[in-house]
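Right, one structure below, let's go through it.
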There are 2 protein chains.
Amino acid sequence: MPTKCINCPLRKRDVFVEMSECELAFMQEFKAGELKVEPGTTLMLEGSSSPQLYTVLDGMGLRYKMLENGERQVISFVMPGDFIGLQAGVMREMKHSVEASTDMVLCVFDRRTLWGLFRDHPERAFDLTWLAAVEEHFLGESLVVIGHMNGLARIARAFVRLHDRGESLGLAQNGVMKLPYKQQDLADALGLSLVHTNKSLKKLRERGIAEWRNGTLKILSYGKLCEMGLLDEKREMMKRPLI
Amino acid sequence: MPTKCINCPLRKRDVFVEMSECELAFMQEFKAGELKVEPGTTLMLEGSSSPQLYTVLDGMGLRYKMLENGERQVISFVMPGDFIGLQAGVMREMKHSVEASTDMVLCVFDRRTLWGLFRDHPERAFDLTWLAAVEEHFLGESLVVIGHMNGLARIARAFVRLHDRGESLGLAQNGVMKLPYKQQDLADALGLSLVHTNKSLKKLRERGIAEWRNGTLKILSYGKLCEMGLLDEKREMMKRPLI
DNA sequence: CGACAAATTGATGGCTGTCAAGACGTGTGG
DNA sequence: CCACACGTCTTGACAGCCATCAATTTGTCG
């Protein structure tokens with residue numbers, strides 16, 4: 001089964017490897033089994049110290065932090081190949097929660113084997129650090145988006161990033177991919193209200209740029225979308241007639 | 001010299017160690033020397049792959065990303081003990097720049113020795129990963145702040161975090177610490193305009209909560225400051241009479 | 001059909017960006 | 001010593017993006 005395993009800590013950096021190879025190596029020492037979960041399942045809870053770590057084999061999810069007042073900040077979207085629980089592995093506890101948005105299949109391994117991995121397999125430990133650095137990079141990108149772009153641009157940028165990521169995972173074809181999230185999820189990720197997110201999505205539809213309905217994202221004009229996902233296009237963008 | 005070295009990859013997790021011990025261990029294999037730089041010096045450039053990595057021994061700086069239109073997103077504030085260049089060490093290139101805001105003293109070591117560290121000193125490699133996880137955590141916090149708090153609350157939260165961090169480093173006394181940044185730096189970190197940042201700072205002064213002038217931050221009411229740095233205090237907060 | 005979650009739409013208010021001008025401090029040169 | 005340039009900080013006016021409230025529609029499920 002030629003599934004790709006992009007971010008699995010056993011894969012080689014910057015290249016794709018076959019899942020079978022990845023799993024084979026894992027099985028040797030670390031893999032404790034596979035886990036299937038339903039939508040809504042909480043995989044990691046902020047403040048807890050899960051005894052198990054996961055690599056996503058299939059399905060999508062969300063990383064998020066809950067705030068005192070009930071609001072929520074979505075940190076990132078979880079896709080196949082993502083590693084879940086690094087914080088629990090090296091720190092005392094998780095600093096955010098992880099939840100399944102669809103049915104998910106997870107590669108499970110034991111947190112206690114992590115130290116053995118560092119001791120006996122430095123190249124894999126290196127990959128883990130690489131993973132963490134990549135996460136840091138993407139969070140920095142998100143800061144830029146939320147800190148400097150208006151609502152429409154944030155959504156456009158998010159769509160481009162999600163689509164590109166999906167495409168590299170083989171989850172997108174001809175600009176169409178499954179995006180099994182709610183508008184509220186996207187709003188919480190971009191620091192926007194649900195209402196404003198909804199209205200911005202409408203604009204993207206009306207302008208024939210992108211559609212996102214029933215869990216499916218369709219990129220109608222990749223060029224325009226990228227254009228809108230840039231900074232300071234505000235004025236030009238907003239003055240453009242709506243179709 | 002009993003300086004603290006909090007985040008140095010050689011320190012023990014969750015505890016403080018004497019700088020001397022830290023440096024001693026470093027000298028054995030990895031430390032290549034010390035570096036002194038002036039304010040404004042670019043330590044790392046986004047897109048480059050620096051051959052040298054640093055641990056900050058003294059001084060403060062900024063991590064930031066430059067945007068196409070000339071705007072800037074400050075990712076975080078650099079303080080003594082911080083590690084600089086992890087991305088360059090494990091990825092192809094840096095994803096953000098790092099600049100000195102004051103005179104800085106840096107512990108330098110060679111990027112090429114990083115792999116040897118993973119191979120021969122797994123406990124230190126583990127610490128490096130820990131560092132990366134901590135960074136991820138703080139970036140997530142920043143996302144929450146920028147995504148869900150108004151201007152005044154963002155500044156209040158930033159002051160609390162900066163002060164607490166400074167205090168744990170022995171850089172703050174009685175709520176007073178050096179904060180050698182410009183208002184523009186803070187604005188770029190919080191996703192606010194310079195003008196709005198300035199006006200919010202004025203409010204904090206008028207209410208007798210915090211002052212930040214001439215590079216010195218004075219916390220006048222830690223309690224109130226924390227209160228303001230919370231979510232959804234908006235309405236209560238804004239309705240309070242100004243003095 | 002009724003209950004519920006999710007998506008949609010309109011009206012209103014305010015936080016915040018932008019523009020513009022001035023004040024303040026510092027260093028340089030005449 | 002003063003004039004000037006320069007960066008930083010400060011303040012006011014104005015516009016607009018966006019949050020909030022409220023109500024309706026759509027889709028799903030039993």
Side-chain angles (χ1 to χ4, degrees), chain A residues 38-40 62 67 69-73 101-102 145-156 179-206 210-217 228 231-240 242, chain B residues 39-40 67 69-73 101 145-156 179-206 211-217 228 231-240 242:
Chain A
E38 296 180 350
L62 290 172
L67 316 179
N69 60 356
E71 293 185 56
R72 186 181 65 156
Q73 174 67 44
S101 297
T102 67
V145 171
I146 295 185
H148 290 266
M149 288 164 49
N150 64 24
L152 204 48
R154 291 187 208 181
I155 294 178
L179 203 59
Y181 299 105
K182 305 174 201 169
Q183 292 186 1
Q184 185 72 61
D185 295 331
L186 186 62
D188 287 343
L190 300 178
L192 297 171
S193 70
L194 171 61
V195 173
H196 195 69
T197 300
N198 182 291
K199 289 173 180 172
S200 298
L201 288 171
K202 183 184 179 185
K203 285 185 184 175
L204 289 180
R205 278 199 307 271
E206 289 174 339
E211 285 182 14
W212 179 36
R213 320 193 98 169
N214 305 323
T216 300
L217 173 66
M228 298 184 77
L231 291 156
D232 225 18
E233 298 287 337
K234 300 179 194 176
R235 230 147 309 131
E236 311 311 318
M237 198 166 59
M238 303 311 295
K239 285 177 180 169
R240 204 174 301 164
L242 308 185
Chain B
L67 316 179
N69 60 356
E71 291 184 57
R72 186 180 64 156
Q73 175 67 44
S101 297
V145 170
I146 294 186
H148 291 266
M149 288 165 50
N150 64 24
L152 204 47
R154 292 187 207 181
I155 294 178
L179 203 60
Y181 299 105
K182 304 173 200 170
Q183 292 186 1
Q184 184 73 62
D185 295 331
L186 186 62
D188 287 344
L190 300 178
L192 296 172
S193 70
L194 171 60
V195 173
H196 195 68
T197 301
N198 181 290
K199 289 173 180 172
S200 299
L201 288 172
K202 184 184 179 185
K203 285 185 185 176
L204 289 180
R205 278 199 307 271
E206 289 175 339
E211 285 182 13
W212 179 35
R213 318 193 102 170
N214 304 322
T216 300
L217 173 66
M228 298 184 77
L231 290 155
D232 225 20
E233 297 290 336
K234 299 179 194 177
R235 231 147 310 130
E236 311 311 318
M237 197 165 58
M238 304 310 293
K239 285 177 181 169
R240 204 174 302 164
L242 308 185

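Labels below follow one simple rule: chain letters A, B, ... track the order of the sequence lines, proteins then strands, and each chain is numbered from 1. On a predicted model such as this, the values are computed, not experimentally measured, just so you know.
In this entry the distance linking NZ of B:Lys182 with C1' of C:dC24 reads 16 Å, nearest Å. Atom-to-atom, CD1 of A:Ile146 to C1' of D:dC17 comes out at 16 Å; the value is rounded to the nearest Å. At whole-Å resolution of the value, CG in A:Leu194 and P in C:dT8 are 9 Å apart. The separation between A:Leu204 atom CG and C:dT8 atom C1' is 15 Å, rounded to whole Å. In this structure, the CG atom of A:Asn150 is 13 Å from the C1' atom of C:dT16, given to the nearest Å. When rounded to the nearest whole Å, the span between CG of A:Leu179 and C1' of C:dA6 equals 15 Å. Atom C1' of nucleotide D:dT10 and atom CG of B:Leu192 are separated by 17 Å, given to the nearest angstrom. Rounded to an integer number of Å, the gap from CG of A:Leu152 to P of D:dA19 is 13 Å.
In this structure, B:Thr216 and B:Glu211 have side chains that are not in contact, with every pair of non-hydrogen atoms separated by 4.5 Å or more. No side-chain heavy atom of A:Asn69 sits under 4.5 Å from any side-chain heavy atom of B:His148.
The side chain of B:Arg205 places an N or O atom within less than 4.0 Å of a non-bridging phosphate oxygen (OP1 or OP2) of D:dT10. Put simply, A:Gln184 has no side-chain N or O that comes within less than 4.0 Å of OP1 or OP2 on C:dA7. Of the side-chain N and O atoms in B:Arg213, one or more sit less than 4.0 angstrom from OP1 or OP2 of D:dT10. The side chain of A:Lys202 places no N or O atom within less than 4.0 Å of a non-bridging phosphate oxygen (OP1 or OP2) of C:dT8. Close to C:dT8, at under 4.0 Å from its OP1 or OP2, lies a side-chain N or O of A:Asn198.
Across all strands shown, B:Leu201 has no heavy atoms under 4.0 Å from either base or sugar-phosphate atoms. Residue contacts for B:Gly215: at a heavy-atom cut-off of 4.0 Å it reaches no nucleic acid atom on any strand shown.
With hydrogens and angles disregarded, no donor-acceptor distance shorter than 3.5 Å links the side chain of A:Glu38 to the backbone of A:Thr102.
Of the residues near DNA chain D, B:Tyr181 and B:Val195, the one whose nearest nucleotide (by heavy atom distance) lies more toward the 5' end is B:Tyr181. Place A:Gly151 and A:Asn214 on DNA chain D by their nearest nucleotides, and A:Gly151 ends up nearer the 5' end.
Of all the heavy atoms in B:Gln184 and B:Arg72, the pair that sits closest is O-NH2, 3.8 Å.
Counting only heavy atoms from C-beta on, A:Ser193 has its side chain closest to D:dA19 among D:dG12, D:dA19, D:dC9. Nearest to the side chain of A:His196, among C:dC15, D:dT8, D:dA19, sits D:dA19.
The base of C:dG17 is not paired with the side chain of B:Lys199 by any donor and acceptor separated by under 3.5 Å.
For the atom pair NE2 (A:His196) and CG (A:Leu190), the distance works out to 10.5 Å, reported to the nearest 0.5 Å.
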